[in-house]
Trainee: 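This structure is in structure tokens; I'll ask about it shortly.
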Amino acid sequence: MERLAFHSLTTAIPSTVSSCIPLFLPSSTAPPSIPRLTPRPPLRALRSSFVSKPSLSFPFYLHCSLSLNKPRGRKSTLQASFSPEPETTPPLPPPEEQVLRGAKLLPSVISVAIGLIVWFLIPRPVEVTPQAWHLLAIFLSTITGLVLSPLPVGAWAFLGLTTTIVTKTLPFSTAFSAFTNEVIWLIVISYFFARGFVKTGLGDRIATYFVKWLGKSTLGLSYGLTLSEALIAPAMPSTTARAGGVFLPIIKSLSLSAESRPGDSSSRKLGSYLVQSQFQSSGNSSALFLTAAAQNLLCLKLAEELGIFISSPWLSWFEAASLPAFVSLLVTPLILYKLYPPEIKDTPEAPAIAAKKLENMGPVTKDEWIMIGTMLLAVSLWVFGEAFGIPSAVAAMIGLSILLLLGVLEWDDCLSEQSAWDTLAWFAVLVGMASQLTNLGIVAWLSSCVANSLQSLSLTWPIAFVVLEVVYFFIHYLFASQTGQVGALYSAFLAMHVAAGVPSVLAALALAYNTNLFGALTHYSSGQAAVYYGAGYINLPDVFKIGFVMALVNLTIWGVVGAFWWKFLGLY
């Protein structure tokens, strides 16, 4: 190593400084010459010059040591040594991730292949027209896509709708006829009502009152949350909105106040039990009222397409569901209290927390009063509107118009409710296809095939009813959406029930009730399942275990209590 020494600093420096000065010498065979030193810069400037070291052709580091421990009267010395800096190549920026756009390849191929196989390879029965068979192929391809999700459901449904028109299977007006369906618009408007509950805070206020009244114990707290959901369900027709917008925030607040945190062992103190109880009870709240969940309305519409009409649908639905639903709502928190017990049994601070929250919320606002009045009007018209010639969809339109006129909801609120418009798109496609399959005779042909198969097994209709209901329930392990299964299987299973001799109204209602109950089977079985599981208070093995056990409990309650109740009501 070359070592250079020079004496240039003639003034004393009060401390020892060690650093390095980058010197850059040109690339040459001649020995480097030392440049003439200029007057010493200030120490601050010298220090700042050490920070950067631009790269030239032959860089060196000048390692400096200022020796200040010298006899009085001698000059300070600056010794320098050169050592070459290894050549470094700046790292290349990481390649940008390629984001795949468009449809997923494998699900798309499978979905399209099923339709092509039915269209070209499976022999068409003589009882079925070519138009009906082609529509069945497109429908099966569309349903497969809704399950495998090569695209968002609305986009894939639109592709199916386009295919029916391009192949001249359906004319344009017929293909789009379901977009004027009253029930579908009732479902869309129900999403706007749910948004109003969340926006005004009315749902949160109602649930907080129940916590204040019943929350002195963990079991009482669970009952308060369960009953409050059952109370607001008919006027807030989205189980997912109730879970994410009202009840999960309350549960998390109460759990954290009890030092029950998500993602660790403290979750079992309180949060895990409250989440499981609310999750498993929500299906019964949705099954209790026709307007408590969007899939309920779709079920009745699909039943109408098969010629099964239910008079006074809101009252008939509630009447048939009331006893088994109330029993399930009463026993579910208690069963889970024994099966999945919380570590904290008493919560004396919960009513005080609720009271404090109500105090912070202040008195009931004008928007909340408007929301209460509008919902009372809408529910009253849903119950008694037929006597005045006001259909359910028109009653919902009246309620939404009031909320818009008085400013509780703004039109931007409606436009930003993407779930509502997405539902309009793909529900209308499925309902339209299902309606045309009925008109073209596919459902009648399927019913006769099922009837012949069941007759060959010599099954009575009650046994066939139980078998079909259980199969319809547990096949939901293959679905990630309640409405998805309704669109895919409800009409087919209802046709099987009717072919087996099951009373048609009983079959339509029982299948619809089960559509709500199987929403708590897994962490992916419904929108509210994803909300509650995502909170971090319940782990995956417990979701599947508790989901299966409570599924058996619900099937037993609805099967036994429901059977006696439905017999009393004259449904069979």
Trainee: For the pair Thr218 (side chain) and Ile344 (backbone), establish whether a donor and an acceptor sit closer than 3.5 Å, ignoring hydrogens and angles.
Mentor: yes
Trainee: Would you say that more than 12 heavy atoms from the other residues, nucleotides or ligands in this model lie under 6.0 Å from the OH of Tyr524, or not?
Mentor: yes
Trainee: Mind listing the closest non-hydrogen atom pair of Phe197 and Ala235 along with its distance?
Mentor: CE1-O, 3.2 Å
Trainee: If you measure from CG on Leu136 to CD1 on Ile122, what distance do you get to the nearest 0.5 Å?
Mentor: 8.5 Å
Trainee: Donor-acceptor pair, distance only, cut-off 3.5 Å: does the side chain of His476 make one with the backbone of Gln485?
Mentor: no
Trainee: Got Trp314 and Ser392 here, is their nearest side-chain heavy-atom distance under 4.5 Å?
Mentor: no
Trainee: Check step by step if side-chain contact (heavy atoms from CB on, under 4.5 Å) holds for Met236 and Val246.
Mentor: CA-CA 11 Å; Met236 192 175 183; Val246 177; 3.9 Å; yes
Trainee: Tyr337 ring centre to Lys345 NZ or CZ under 6.0 Å, with the angle to the axis within 45°?
Mentor: yes
Trainee: Side chains of Leu509 and Trp317: does their closest heavy-atom pair fall under 4.5 Å?
Mentor: yes
Trainee: Going by the angle between their ring planes, with limits at 30° and 60°, are Trp558 and Tyr513 parallel, tilted or perpendicular?
Mentor: tilted
Trainee: Is Thr142 reaching over with its side chain to a backbone N or O of Ile138, donor-acceptor style, under 3.5 angstrom?
Mentor: yes
Trainee: Going by the angle between their ring planes, with limits at 30° and 60°, are Phe548 and Phe474 parallel, tilted or perpendicular?
Mentor: tilted
Trainee: Step by step, would you call Leu288 with Phe326 a side-chain contact (heavy atoms from CB on, under 4.5 Å)?
Mentor: CA-CA 8 Å; Leu288 183 57; Phe326 281 137; 3.9 Å; yes
Trainee: Got a second to check how far Leu231's CG is from Thr226's OG1, nearest 0.5 Å?
Mentor: 12.5 Å
Trainee: Set out, in order, the CA-CA distance, both residues' side-chain angles and the distance that settles side-chain contact (heavy atoms from CB on, under 4.5 Å) for Val553 and Thr332, then state yes or no.
Mentor: CA-CA 9 Å; Val553 170; Thr332 295; 5.7 Å; no
Trainee: Strictly by salt bridge (Lys or Arg N to Asp or Glu O under 4.0 Å), give each pair with a member in residues 198-219 just once, sequence neighbours left out.
Mentor: Lys199-Asp413, Asp204-Lys357, Arg205-Glu368
Trainee: Counting only N and O atoms by type, is there a donor-acceptor contact under 3.5 Å from the side chain of Thr423 to the main-chain atoms of Ser419?
Mentor: yes
Trainee: Taking all non-hydrogen atoms of both residues, which atom of Ala395 and which atom of Ala378 are closest, and how far apart?
Mentor: CB-O, 4.5 Å
Trainee: Please check if atom NZ in Lys301 has more than 12 non-hydrogen atoms from other residues, nucleotides or ligands closer than 6.0 Å.
Mentor: yes
Trainee: Parallel under 30°, tilted from 30 to 60°, perpendicular over 60°: which one fits the rings of Phe493 and His497?
Mentor: tilted
Trainee: Is the backbone N or O of Gln276 less than 3.5 Å from a side-chain atom of Tyr532, with the two atoms forming a donor-acceptor pair by type?
Mentor: no
Trainee: Decide yes or no for Thr483 and Leu430: does some side-chain heavy atom of the first lie under 4.5 Å from some side-chain heavy atom of the second?
Mentor: no
Trainee: Within the 4.5 Å heavy-atom criterion, are Tyr490 and Tyr472 side-chain neighbours or not?
Mentor: yes
Trainee: Taking Ser266 for its side chain and Arg261 for its backbone only, find out whether a donor-acceptor pair lies under 3.5 Å.
Mentor: yes
Trainee: The test is side-chain contact (heavy atoms from CB on, under 4.5 Å); show your working for Leu555 and Asn514 and say whether it passes.
Mentor: CA-CA 8 Å; Leu555 284 174; Asn514 270 339; 3.8 Å; yes
Trainee: Out of curiosity, Thr291 OG1 to Ile189 CD1, how far, rounded to the nearest 0.5 Å?
Mentor: 13.0 Å
Trainee: What pairs of donor and acceptor atoms, side-chain ones from residues 432-442 against any protein atom, are under 3.5 angstrom apart with sequence neighbours left out?
Mentor:
{"unit_1": "Ser435", "atom_1": "OG", "unit_2": "Glu305", "atom_2": "OE1", "d": "2.8"}
{"unit_1": "Thr438", "atom_1": "OG1", "unit_2": "Ala434", "atom_2": "O", "d": "3.1"}
{"unit_1": "Asn439", "atom_1": "ND2", "unit_2": "Ser435", "atom_2": "O", "d": "3.4"}

Trainee: Taking all heavy atoms of Cys299 and all of Thr515, pick out the closest pair and write down the distance.
Mentor: SG-OG1, 4.1 Å
Trainee: Apply the test ring pair (Phe, Tyr, Trp, His ring centres under 6.0 Å) to residues Phe279 and Tyr533: give CA-CA distance (whole Å), side-chain angles for both, the deciding distance (0.1 Å), then the verdict.
Mentor: CA-CA 9 Å; Phe279 178 32; Tyr533 176 71; 9.3 Å; no
Trainee: Under a plain distance cut-off of 3.5 Å, with no hydrogens placed, do Ser277 and Tyr223 share a side-chain donor-acceptor pair?
Mentor: no
Trainee: Taking all non-hydrogen atoms of both residues, which atom of Tyr191 and which atom of Ser238 are closest, and how far apart?
Mentor: CE2-OG, 4.5 Å
Trainee: Applying side-chain hydrogen bond (donor to acceptor under 3.5 Å, both in side chains), run through Asn516 and Gln482 and close with a yes or a no.
Mentor: CA-CA 7 Å; Asn516 292 285; Gln482 292 167 286; 4.7 Å; no
Trainee: For Phe473 versus Ala551, what's the shortest heavy-atom pair and its separation?
Mentor: CE2-CB, 3.5 Å
Trainee: Less than 4.5 Å apart, any side-chain heavy atom of Pro262 and any of Leu256?
Mentor: yes
Trainee: Measuring only between side-chain heavy atoms, which start at C-beta, is Leu225 closer than 4.5 Å to Ile250?
Mentor: yes
Trainee: Using the salt bridge (Lys or Arg N to Asp or Glu O under 4.0 Å) rule, collect all pairs that involve residues 538-549, keeping only residues at least two apart or in two chains.
Mentor: Asp542-Lys545
Trainee: If we ignore hydrogens and angles and just use 3.5 Å, is the side chain of Ser281 paired with the main-chain N or O of Gln278 as donor and acceptor?
Mentor: no
Trainee: Distance check, rounded to the nearest 0.5 Å: Phe465 atom CZ versus Thr460 atom OG1?
Mentor: 12.0 Å
Trainee: Find the distance between OG (Ser257) and NZ (Lys252) and round it off to the nearest 0.5 Å.
Mentor: 13.5 Å
Trainee: When the aromatic ring centroids of Tyr273 and Tyr340 are compared, is their separation below 6.0 Å?
Mentor: no
Trainee: When you compare the side chain of Leu254 with that of Thr347, does any pair of heavy atoms fall below 4.5 Å?
Mentor: no
Trainee: Counting N and O atoms only, with roles assigned by atom type, does the side chain of Thr374 sit under 3.5 Å from a partner on the main chain of Gly399, one being a donor and the other an acceptor?
Mentor: no
Trainee: Going by the angle between their ring planes, with limits at 30° and 60°, are Tyr572 and Trp461 parallel, tilted or perpendicular?
Mentor: perpendicular
Trainee: For Arg242, run the side chain to side chain donor-acceptor pair (under 3.5 Å) check against Ser282, Ser286, Ser228, Ser285 and tell me which one passes.
Mentor: Ser286
Trainee: Measure across Val198 and Gly245 and return the closest heavy-atom pair with its distance rounded to 0.1 Å.
Mentor: CG2-CA, 4.2 Å
Trainee: Do Val429 and Phe158 make a side-chain contact, defined as non-hydrogen atoms from C-beta onward lying under 4.5 Å apart?
Mentor: no
Trainee: Output yes when a side-chain donor or acceptor of Ser267 lies under 3.5 Å from a complementary backbone atom of Ser260, and no otherwise.
Mentor: no
Trainee: With a 6.0 Å cut-off (strictly less than), is the heavy-atom count around CD of Glu182, excluding the residue itself, greater than 12?
Mentor: no
Trainee: Judged by atom type as modelled, is there a donor-acceptor pair below 3.5 Å linking the side chain of Trp213 to the main-chain atoms of Gly224?
Mentor: no
Trainee: Which value, rounded to the nearest 0.5 Å, describes the distance between Arg195 atom CZ and Ser190 atom OG?
Mentor: 13.5 Å
